[in-house]
Every structure is written in C-alpha cells, then in structure tokens.
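Note sheet for the following structure.
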Amino acid sequence: MITPYGPLPVAGKPDLYPDGVVKAMYVQGPVSLETSVGRLMPQYTIDDSRRMHQPPLTFHANGRVRSLPLETRTVLETPLGPLSAELVTFHESGGVARVFPLNGKLSGYWTEADEAGLAEVLRLETPVGVVAARFVAVAFDAAGALRSLTLWPSEEVAVRTPVGNAPVRLGLSFHPGGALRSVEPARPLEAPTPVGRVWAFDPDAVGISGDENSLVFSPEGVVQRVATVRTSLAARLADGTRLELAPQVRESICGDGDREVTPLVLEFSEASVTARHGSLGRPHAVLPVAGSAFETRPFLSAFAVALTPKQCSM
C-alpha cells in the first residue's frame, strides 16, 4: 500500500475508505514510520500468550496514522518527556493523542493482574504537581497539552483540587490551559456546588478513560458536574413546586438479593440545574436557577448499601 509514510507491505486485504485511502491494515515484515514522536516500527509478529494477536495499523481519512501498535516497547519523545509505549495513537494533525505503556491482550491465559504486574510506576510532571502511579494511558490534546491520565484500577493518587486535596482513582483530566478539569474521587469527597455541599462519589465509575470523571470543574475551579450516592437535592421552584431529587436504590444486577445505589448526577449552568441517574442516563429534570431555592441533604438510604463496586460471581 502506498501511504504518506511510503510503501508499506500488507498482510491480507486492507480496509479502505470510500476514496481508496487505507483505513486499516496488517503490516507484513519490519518497516518504520516517521511520526511526531520519532520513527516507529508497527507490530508485525505475534510472540507469546500476552500478545497473541496482531492489532491493525489504522489511519485517519487524511492518510495520517491513527493507531500504531509497536513491535517492541519503545521510548517516545512526548510533550511530557520520554515515555515508554507499546501502543500510541495520533490526532489527524499528526500530533500524539494517547500513549499506552502496555498493550497486552487479556484472555484466559493472560489476566488483568498479569498485565498490571508489568506496569511500571511513572513520575509525571502535571499542572497539579508530580503524579506518581501506574498508568493505562497518558493523553494529549491536539495542541500537545496534557489532556488526561488513566490509572490502573488498583491505583490511587493524592491530587490537589479546587475543593482540597483528594484521593483519586481511575483518572483525572485537564483543561487546555492546564487547570484541573475532572477527577474520579476514590472515596466520598465533600464539594461546594451552586446548590450546596454535595458528597461526590460514584462507586461504579467506569475507568475506560481518564477523560471523563464524576467531579468536574470549570477552568476557574467551580464545580460544573458531580455524581453522588450520599446527597439528595430539595428544590422549591418559583411557582411553588417542590421536588426531591435523590440517588436510586435498586436490586443488584448480580441478582443475589443485594441492593446497590445508582448515583444522582447534577450538572450546573448559569441558567439551570440538570439531574440524571447515572453518568449515561437521560436527564429526568431540568430546574431553572432563577427564582428557585435549593437545599442539599444527606441521602440516608445510601448508608445501608455497600458503596464498593459489586463483583458478580459466576
């Protein structure tokens, strides 16, 4: 295949965009690509039970490389300094998007614990100070600024936030100017919001990416979104209507008679407060700020339910 990086040897049939530009392909044999983080060799072999498949080399519609699995762990020159990687992704402009220190395939022969055992603790200089941990991925925006850090599930770090020092798990993200954008609290964290003080915590937060988290701040440090299983919100609207918004307690998805809490997610703007259940739930209430009075209260039902993620047994 002829690409902006020169001719590349193809194994099998490549996937193409409608205009004929290569979308994905498997590289056959050693070859290197010149990228914004150095000259890199795509993976072309399968060596052991940890890397028992060959992920494809993918491209953006403009022909630039999008996802590049590496033949061997390679040190990249990133905007944050040298980082070792087995997988790297890029923006359409060619700038680095995400760096993955490891890229093993989980299976019955290779578990998450096996993969985590290979992860090394990295000390990264961030806008909130040095963060030392094992990372699944380090992400950058199109301008090269640090966008987010995704932590291994068992990792916890202390982070300086606009609401004080906080234990953080799963991930944290940044605004383009460097201000902290969001964190995933490792334990309930009391935070001042436009409607009162809320205990921020989501026991079932999904740590796929550190880009989006339960506690979100504006560039000025004001809470813009919060997920909570410990706080309910009482509202009295201008017409006298009274509403009570609270997390939901439901039967566990494991079906063993246990109960679990779905967090109440509150999003704040100058004009309104939007409420939903769960980070992906549809809004079930949009309350105007003008003329409304709000009060936060402890959600007592949550104290009778375990806040640790439910592990269903087979």
Could you walk me through whether Glu295 and Arg197 pass the salt bridge (charged side-chain N to carboxylate O under 4.0 Å, His left out) check? CA-CA 9 Å; Glu295 180 186 359; Arg197 302 191 74 82; over 6 Å; no

Plane angle bin for Phe59 and Tyr5 - parallel if under 30°, tilted between 30 and 60°, otherwise perpendicular: tilted

If every non-hydrogen atom of Glu71 is compared with every non-hydrogen atom of Tyr44, which pair is closest and at what distance? OE1-N, 2.9 Å

Backbone N or O of Thr274 within a donor-acceptor pair of the His284 side chain at under 3.5 Å? no

Taking the basic N atoms (NZ, or NE/NH1/NH2) and the acidic carboxylate oxygens, is any pair closer than 4.0 Å for Glu267 and Arg276? yes

Could you see if Val198 belongs to whatever hydrophobic cluster contains Leu243? Use Ile, Leu, Val, Met, Phe, Trp, Tyr and a side-chain cutoff under 4.5 Å. yes

Do Leu266 and Trp199 land in one hydrophobic cluster if side-chain heavy atoms of ILVMFWY residues count as linked below 4.5 Å? no

Hey, is the main chain of Leu40 close enough, under 3.5 Å, to the side chain of Ser32 for a donor-acceptor pair? no

Considering only heavy atoms from C-beta outward, does the side chain of Val65 approach that of Leu57 to under 4.5 Å? yes

Taking only Lys NZ, Arg NE, NH1 and NH2, and the carboxylate oxygens of Asp or Glu, determine whether Glu156 and Arg187 approach each other closer than 4.0 Å. yes

Which value, rounded to the nearest 0.5 Å, describes the distance between Thr126 atom OG1 and Leu180 atom CG? 8.5 Å

Side-chain heavy-atom pair Pro55, His53 within 4.5 angstrom cut-off: yes

Rounded distance [0.5 Å steps], NE2 in His175 versus OG in Ser182: 8.0 Å

To the closest 0.5 Å, what do you measure between CG (Leu245) and CZ (Phe299)? 11.5 Å

Any side-chain heavy atom of Val163 sitting closer than 4.5 Å to one from Pro192? yes

Please walk me through it: do Phe268 and Val222 pass side chain to side chain contact (heavy atoms under 4.5 Å, CB included)? CA-CA 10 Å; Phe268 309 105; Val222 177; over 6 Å; no

Does the side chain of Thr74 come within less than 4.5 Å of Ser84's, by heavy atoms? no

Atom of Phe201, atom of Ala186 and distance for their closest heavy-atom approach: CE1-O, 3.3 Å

Mark yes or no for whether Thr241, through its side chain, and Asp239, through its backbone, hold a donor-acceptor pair below 3.5 Å. no

Between Ser232 and Arg297, a side-chain donor and acceptor under 3.5 Å: no

For Arg169 against Pro203, the heavy-atom pair lying closest together: NH2-O, 3.6 Å

Using atom types as modelled and distance alone, determine if a side-chain donor or acceptor of Glu155 lies under 3.5 Å from a backbone N or O of Arg134. yes

Residue pair Val96, Thr89: steps toward the side chain to side chain contact (heavy atoms under 4.5 Å, CB included) verdict: CA-CA 6 Å; Val96 62; Thr89 66; over 6 Å; no

Under 3.5 Å, side chain of Asn213 to main-chain N/O of Leu215, donor-acceptor pair present? no

Take Gln224 and Ser218 through the test side chain to side chain donor-acceptor pair (under 3.5 Å) and record every step on the way to the result. CA-CA 6 Å; Gln224 291 185 317; Ser218 70; 4.8 Å; no

Is the shortest heavy-atom distance from the side chain of Glu77 to the side chain of Pro82 under 4.5 Å? yes

Quick one: do Arg98 and Asp211 make a salt bridge, cutoff under 4.0 Å? yes

Measuring from atom CG of Leu87 to atom CG of Leu102, what distance do you get when rounded to the nearest 0.5 angstrom? 10.5 Å

Contact check, side chains of Asn165 and Val159, non-hydrogen atoms, under 4.5 Å: no

Tell me whether Leu16 shares a hydrophobic cluster with Met25, the cluster being built from Ile, Leu, Val, Met, Phe, Trp, Tyr side chains joined at under 4.5 Å. yes

Might you point out which heavy atoms bring Phe217 and Gly221 nearest each other, and give the distance in Å? CD2-O, 3.8 Å

Membership question, hydrophobic clusters at under 4.5 Å side-chain separation (ILVMFWY): are Phe135 and Val99 in the same one? yes

Ignoring hydrogens and angles, tell me if any N or O in the side chain of His91 forms a donor-acceptor pair with the backbone of Phe140 under 3.5 Å. yes

Regarding Arg242 and Glu244, does a basic nitrogen lie under 4.0 Å from an acidic carboxylate oxygen? no

Hydrophobic cluster identity match, Leu68 and Val21, side-chain contacts under 4.5 Å: no

Ignoring hydrogens and angles, tell me if any N or O in the side chain of Glu86 forms a donor-acceptor pair with the backbone of Asn103 under 3.5 Å. yes

Is a donor on one side and an acceptor on the other found under 3.5 Å between the side chain of Gln43 and the backbone of Thr45? yes

Between the CZ atom in Arg147 and the CZ atom in Phe174, the distance rounded to the nearest 0.5 Å is 12.5 Å

Within a strict 4.5 Å, meaning less than it, do heavy atoms of the Leu170 and Leu151 side chains meet? no

Under 3.5 Å: donor-acceptor pair, side chain of Ser36, backbone of Gly94: yes

Any Val286 side-chain heavy atom under 4.5 Å of Val273 side chain: no

Rounding to 0.5 Å, atoms CH2 (Trp152) and OG1 (Thr150) come to a distance of 11.5 Å

Mind running side chain to side chain donor-acceptor pair (under 3.5 Å) on Ser173 and Glu212 for me, showing each step along the way? CA-CA 7 Å; Ser173 66; Glu212 299 295 335; over 6 Å; no

I'd like to know if the side chain of Asp202 reaches the main chain of Thr228, judged simply by a donor and an acceptor atom lying under 3.5 Å from each other, with no hydrogens or angles considered. no

Taking every heavy atom of Pro247 against every heavy atom of Thr231, the minimum-distance pair comes out as CD-O, 3.4 Å

For Val130 against Arg123, the heavy-atom pair lying closest together: CG1-NH2, 3.5 Å

Could you walk me through whether Leu287 and Val195 pass side chain to side chain contact (heavy atoms under 4.5 Å, CB included), step by step? CA-CA 11 Å; Leu287 310 179; Val195 297; over 6 Å; no

Evaluate the criterion side chain to side chain contact (heavy atoms under 4.5 Å, CB included) for residue pair Val27 and Val10; output intermediate values, then yes/no. CA-CA 5 Å; Val27 176; Val10 179; over 6 Å; no

